[in-house]
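Contents: one structure, followed by commentary.
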Amino acid sequence: MRSILQDLTPEFLKILNMDKIYWYEGWKEYKQKHPRLISEYEKKEDLNKEKIKERLQDIRRKDFDLFKQDWENNFLSVKKEMVQKLSRNAEHYQLKRGDFVVFIMGMLGLNSHYYIDTYYGTVIMVDSFYHFLNNVDIRETVDKAILEFINNRPVDTKKALFGKLLSQIEKIIYDTKDINKAMEKIVKVLYDNVDYYNWVGFYLTDKNEKNILKLGPYLGEPTEHVKIPFGEGICGQAAATKNTFVVQDVSKAENYLSCSEKTKSEIVIPIIDNNGNVYGELDIDSHKLEPFTIEDSQFLEEIINLFVKKYV
C-alpha cells in the first residue's frame with residue numbers, strides 16, 4: 001500500500017550542492033525525476049525558463065542553507081507526528097478512498113500547496129520551502145489541504161483503483177527476480193482487478209526472427225496469434241511505430257487482426273529497451289466499446305517504465 005504522505009524535499013535540497021549560477025540546472029534535474037508534477041506546478045504558477053531563473057537568483061543561499069538545516073533537524077519528528085495523526089484519524093481524513101496522496105516537496109516558495117491531478121489520483125503538493133520562508137506550520141497546511149480536497153471532490157474510483165494496483169505491481173517488480181514470473185504476476189493483477197481488461201498479455205520480440213512478436217504470458221481466451229509481424233494488426237503497428245496504440249472500436253480499424261468476436265477495443269503499450277529497440281509490448285483487449293481513457297494509457301505506460309528499469 002502506498003504511503004499517504006511522502007517527503008521528497010531531500011531531492012530538492014540537492015540543488016544546494018551546486019554553485020548558485022547552476023541552480024537552474026539543478027532545478028532541471030529535479031524536474032526530470034518528477035516531470036509530471038513539476039510541469040504542472042510550473043503551469044499553475046505561470047513559470048517559464050526565465051521566470052524560474054529569476055526566482056532562483058532571488059533566493060539567498062543563506063536561506064537555502066538555513067532551510068536545509070531546519071529540515072534535517074526537525075522534519076523527521078514533524079513527519080512522524082503527521083503520519084500518526086492521519087493513521088489514527090483515517091476515517092476523518094477518508095484515507096480509504098485512495099484517490100489522493102500528500103507529497104511534501106521543496107519548490108520555489110511561492111504558495112503553500114497545490115492540487116495536481118494524475119492518472120493514479122490527486123497529489124496534494126505541499127511546498128516545504130514556502131513554509132520555512134513564511135514561518136507557517138506545515139502540519140496545519142496538510143490538515144487543511146486534505147480536508148479541503150475530500151470535502152469538495154467526489155471519489156474517483158478509477159484513479160483509486162489504478163493507484164492501488166500500481167503499488168501492487170511496483171512491489172511485484174521489486175520482489176521478483178525472474179522476468180517471466182514478473183510478467184505472469186503483472187498480467188494476473190491487471191486481469192483480475194480491472195473489469196474491462198478481458199484479455200491481458202505480453203508479446204516479446206522473437207530473438208531468432210527479426211521483427212516478429214512472439215506471444216508471452218497472458219490471461220483470457222486462447223489466441224491463434226502466437227506470432228505477429230511488425231506492422232500487422234494493432235500489436236504490429238505499435239511495434240513498428242514504437243507508440244502506444246488505443247483503438248476504441250476495433251470494427252473501425254483497417255489494420256486489425258481479429259482474435260475474438262467478443263473483442264470490441266484494444267490498447268497496446270510498446271516496451272522499448274535502452275537502445276531504442278522494441279523488446280515487446282503489453283496488449284489488452286476489452287469486450288466494451290470505448291473503455292480506455294488517458295488514465296489507462298498513463299497507468300499502463302508507467303507499469304512498462306517500471307518494468308524496463310528492472311528487467312530490460
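This structure is a prediction, so every number in the text was calculated from the model and none was measured. For this chain, numbers begin at 1 and follow the sequence in order.
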_same_hphob_cluster(Y130, M125) at 4.5 Å side-chain heavy-atom cutoff_ = no

*Approximate separation, where rounding is to 0.5 Å, of F307 CZ and F202 CZ*: 5.0 Å

*Search all heavy atoms of L213 against all heavy atoms of G280 and return the closest pair with its distance.*
CD2-CA, 4.4 Å

*Please name the pair of heavy atoms, one in I228 and one in C235, separated by the smallest distance, quoted to 0.1 Å.*
CD1-CB, 3.9 Å

_Donor-acceptor under 3.5 Å (Y41 side chain, L108 main chain)_ = yes

Got a list of side-chain donor-acceptor pairs under 3.5 Å for residues 144-151, not counting sequence neighbours?
unit_1, atom_1, unit_2, atom_2, d
E148, OE2, Y115, OH, 2.7
N151, ND2, L147, O, 2.9

_So, taking the atom named OG in S128 and the one named CE in M107, what distance separates them when rounded to the nearest 0.5 Å?_
9.5 Å

*Would a distance-only check, ignoring hydrogens and angles, find a side-chain to backbone donor-acceptor pair under 3.5 Å from D178 to K181?*
yes

*Does any N or O in the side chain of D206 come within less than 3.5 Å of the main-chain N or O of N208, such that one atom is a donor and the other an acceptor?*
yes

_From L8 atom CG to L37 atom CG, the distance as rounded to the nearest 0.5 Å_ = 8.0 Å

*Can you say whether the rings of Y119 and F299 are parallel (under 30°), tilted (30 to 60°) or perpendicular (over 60°)?*
tilted

*Could you tell me the separation between the OG1 atom of T293 and the NZ atom of K159, rounded to the nearest 0.5 Å?*
9.0 Å

*Enumerate the residue pairs fulfilling salt bridge (Lys or Arg N to Asp or Glu O under 4.0 Å) with a member in residues 262-273, sequence neighbours excluded, ordered by first and then second residue.*
E221-K262

_L190 side chain near L300 side chain, heavy-atom distance below 4.5 Å_ = yes

*Are any of the side-chain heavy atoms of Q298 and E302 separated by less than 4.5 Å?*
no

*Give the intermediate values and the outcome of side-chain contact (heavy atoms from CB on, under 4.5 Å) for residues Y114 and E40.*
CA-CA 10 Å; Y114 307 82; E40 289 300 314; over 6 Å; no

*asked:* Are more than 12 heavy atoms, taken from residues, nucleotides or ligands other than L289, located less than 6.0 Å from that residue's CG atom?
replied: yes

*Closest heavy-atom contact between N180 and P217?*
O-CG, 4.2 Å

*Does a donor on one side chain sit under 3.5 Å from an acceptor on the other, for Y197 and D296?*
yes

*Is a side-chain donor or acceptor of K51 paired with a backbone partner of D46 at a separation under 3.5 angstrom?*
yes

_Membership question, hydrophobic clusters at under 4.5 Å side-chain separation (ILVMFWY): are I52 and L110 in the same one?_
yes

_Using modelled atom types and a 3.5 Å cut-off, is there a donor and acceptor pairing between side-chain atoms of D99 and backbone atoms of D156?_
yes

*Any link between V155 and I116 through a network of hydrophobic side chains (Ile, Leu, Val, Met, Phe, Trp, Tyr) touching at under 4.5 Å?*
no

*Please list all pairs passing the ring pair (Phe, Tyr, Trp, His ring centres under 6.0 Å) test where one or both residues lie in residues 206-255, with sequence neighbours left out.*
W199-Y218

*Would you mind reporting whether S265 and V247 have side-chain heavy atoms less than 4.5 Å apart?*
no

*T157 side chain near L161 side chain, heavy-atom distance below 4.5 Å*: no

*Scan side-chain atoms only and decide if W27 and E42 contain a donor-acceptor pair under the 3.5 Å cut-off.*
yes

*Side chains of S112 and V126: closer than 4.5 Å at any heavy-atom pair?*
no

*Is there a ring pair (Phe, Tyr, Trp, His ring centres under 6.0 Å) between F12 and F64 once you walk through the steps?*
CA-CA 10 Å; F12 173 72; F64 255 163; 5.4 Å; yes

*Provide the closest heavy-atom pair for R97 versus P154 in the form atom of the first, atom of the second, distance.*
NH2-O, 3.3 Å

*Would you kindly confirm whether I21 and L16 end up in one hydrophobic cluster when ILVMFWY residues are joined by side chain heavy atoms under 4.5 Å apart?*
yes

*Within 6.0 angstrom of K31 NZ, more than 12 heavy atoms from elsewhere*: yes

*Where do N111 and D127 land on the side-chain contact (heavy atoms from CB on, under 4.5 Å) test, with the steps shown first?*
CA-CA 7 Å; N111 277 294; D127 184 351; over 6 Å; no

*Gap separating the CD1 atom of I267 from the CD1 atom of I234, nearest 0.5 angstrom*: 11.5 Å

_Take a 6.0 Å sphere around OH of Y196 and say whether it holds more than 12 heavy atoms from other residues, nucleotides or ligands._
yes

Identify every side-chain donor-acceptor pair in residues 66-73 under 3.5 Å, counting partners at least two apart or on other chains, and give the distances.
unit_1, atom_1, unit_2, atom_2, d
D70, OD1, N74, ND2, 2.8
W71, NE1, D7, OD2, 3.1
N73, ND2, Q69, O, 3.1

*Do any N or O atoms from the side chain of K242 and from the backbone of G276 form a donor-acceptor pair under 3.5 angstrom?*
yes

*Is there side-chain contact between M82 and L5, with heavy atoms separated by less than 4.5 Å?*
yes

*Between T141 and H131, does any side-chain donor sit less than 3.5 Å from a side-chain acceptor?*
yes

*asked:* Assess the residue pair D117 and R153 against the criterion (salt bridge (charged side-chain N to carboxylate O under 4.0 Å, His left out)); give the C-alpha distance rounded to whole Å, side-chain angles, the decisive distance to 0.1 Å, and a yes or no.
replied: CA-CA 12 Å; D117 291 323; R153 301 253 195 132; 3.0 Å; yes

*Could you tell me whether the side chain of N48 and the main chain of E50 form a donor-acceptor pair under 3.5 Å?*
yes

_Please enumerate all residues that pass side chain to side chain donor-acceptor pair (under 3.5 Å) together with K188, with sequence neighbours excluded._
D192

*Please identify each residue that fulfils salt bridge (Lys or Arg N to Asp or Glu O under 4.0 Å) with K79, with sequence neighbours left out.*
none

*asked:* Tell me if a side-chain donor or acceptor on D63 pairs with a main-chain N or O of I59 at a distance below 3.5 Å.
replied: no

*Please confirm whether the backbone N or O of T118 pairs with a side-chain atom of T122, one donor and one acceptor, at under 3.5 Å?*
no

_Sidechain-backbone polar pair: N134 side chain, V136 backbone, donor-acceptor under 3.5 Å_ = no

_Short side-chain donor-acceptor distance under 3.5 Å, Y120 and E295_ = no

*What heavy-atom pair brings I272 and V278 nearest, and what distance separates the two atoms?*
CD1-CG2, 3.9 Å

*asked:* Using the rule that Ile, Leu, Val, Met, Phe, Trp and Tyr join whenever any side-chain heavy atoms are under 4.5 Å apart, tell me whether I304 and Y191 fall into a single cluster.
replied: yes

*Candidate pair K227 and E209, rule salt bridge (charged side-chain N to carboxylate O under 4.0 Å, His left out), full reasoning*: CA-CA 10 Å; K227 289 189 176 183; E209 294 186 72; 2.5 Å; yes

*Side-chain heavy-atom pair L165, I303 within 4.5 angstrom cut-off*: no

*asked:* To the closest 0.5 Å, what do you measure between OG (S39) and NZ (K44)?
replied: 12.5 Å

*Decide if atom CD of E261 counts as having more than 12 heavy atoms of other residues, nucleotides or ligands within a radius under 6.0 Å.*
no

*Decide side-chain contact (heavy atoms from CB on, under 4.5 Å) for N211 and T205; before the verdict, give the C-alpha distance in whole Å, the side-chain angles of both, and the deciding distance to 0.1 Å.*
CA-CA 7 Å; N211 295 336; T205 301; over 6 Å; no

*Side-chain heavy-atom pair I138, I104 within 4.5 angstrom cut-off*: yes

_Residue pair Y279 / I179: nearest heavy atoms and the distance that separates them_ = OH-CD1, 3.2 Å

